[in-house]
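Read the structure below first, then the notes.
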Amino acid sequence: MVTAIGIMGGTFDPIHFGHLRAAEEVLQGFGLERVIFMPSGKPPHKPLSEVTDAEHRYMMTLLATVDHPHFEVSRIEIDRPGPSYTLDSLKELKKVFSSEKALYFITGLDAILEIHTWNGYRELFEIADFIAVTRPGYSMETLSSLEKAIGKECFSRIHPFPVTLLAISSRDIRRRVREGKSIRYLVPDPVMKYIEKERLYLSDAEKRVARSYSGGWLV
Ligand code: ATP
Ligand code: MG
């Protein structure tokens, strides 16, 4: 029997309830065997200086998913040198799972609208189907413009899927931390505590202050 696996790629800087809830609803809605979260090592579309160390992002993704029986985290993009092209990852995963598993790549509407800018995007559609989940600020109607850009055949492998709309973004979370505001209930508790402990998303000056308060000058 062919079973299906979901793969959710992202920078996860940090992972938040928008990602997690979307994955949960897709898992159930498509009857997937599991969802594999795949943090990008070096996101090709983001300046590296603006992206948090991959090991931190991996750790937060692990902390956020560890208690879910059908969520897993893959290190393949973190361990592979060079820019993290989804195409390379899907090829690797296809080999691991052979043809017994159908692969569904999960993205938000914002990400799918840029799919034609991804490296070798046509080949992506030969390996996986895409599930495009709704996200506040992006309407399903915007998808129709994509058909022109990528053609009927690729477009037919995109499955739009409405999920509970959560207006949460990693960028907004990073800003809140920088401004000293709470991020409770936007990310799972262990992720919030990890961000505090590792002093992520603070400016260098704020990191120095945080260290002096915690008596952590020696660590
Ligand atoms: P950033 O603000 O840094 O871009 P982000 O919140 O968009 O972060 P990403 O890691 O860039 O998170 O997103 C990974 C995937 O999850 C993308 O496909 C994105 O569209 C999707 N996604 C992110 N946030 C949500 C959300 N709130 N609801 C639905 N999908 C989301
Ligand atoms: Mg994003």
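Side chains included, hydrogens not; waters and symmetry mates left out as well; all remaining heavy atoms used. Counting begins at 1 with the first residue of the sequence. Atoms within a ligand are numbered from 1 in the order they appear, just like the ligands themselves. None of these values were measured; they are calculated from a predicted model.
Between Phe125 and Phe130, the ring planes lie tilted relative to each other; the angle falls in the 30° to 60° range. Between Phe12 and His19, the two ring planes are perpendicular [angle over 60°; tilted spans 30° to 60°].
Taking the six-membered ring for Trp, Phe30 and Phe161 have ring centres closer than 6.0 Å.
The CE atom of Met60 sits 6.0 Å away from atom CG of Asp13, with the distance rounded to the nearest 0.5 Å.
Within 4.0 Å of ligand 1, heavy atoms belong to protein residues Met8, Gly9, Gly10, Thr11, Phe12, His16, Gly18, His19, Lys46, Thr107, Gly108, Asp110, Ala111, Val133, Thr134, Arg135, Leu166, Ile168, Ser169, Ser170, Arg171, Arg174.
Checking His159 against Tyr104 by side-chain atom types alone, no donor-acceptor pair falls below 3.5 Å. For the residue pair Glu114 / His45, no side-chain donor-acceptor distance below 3.5 Å is found, with atom types taken as modelled.
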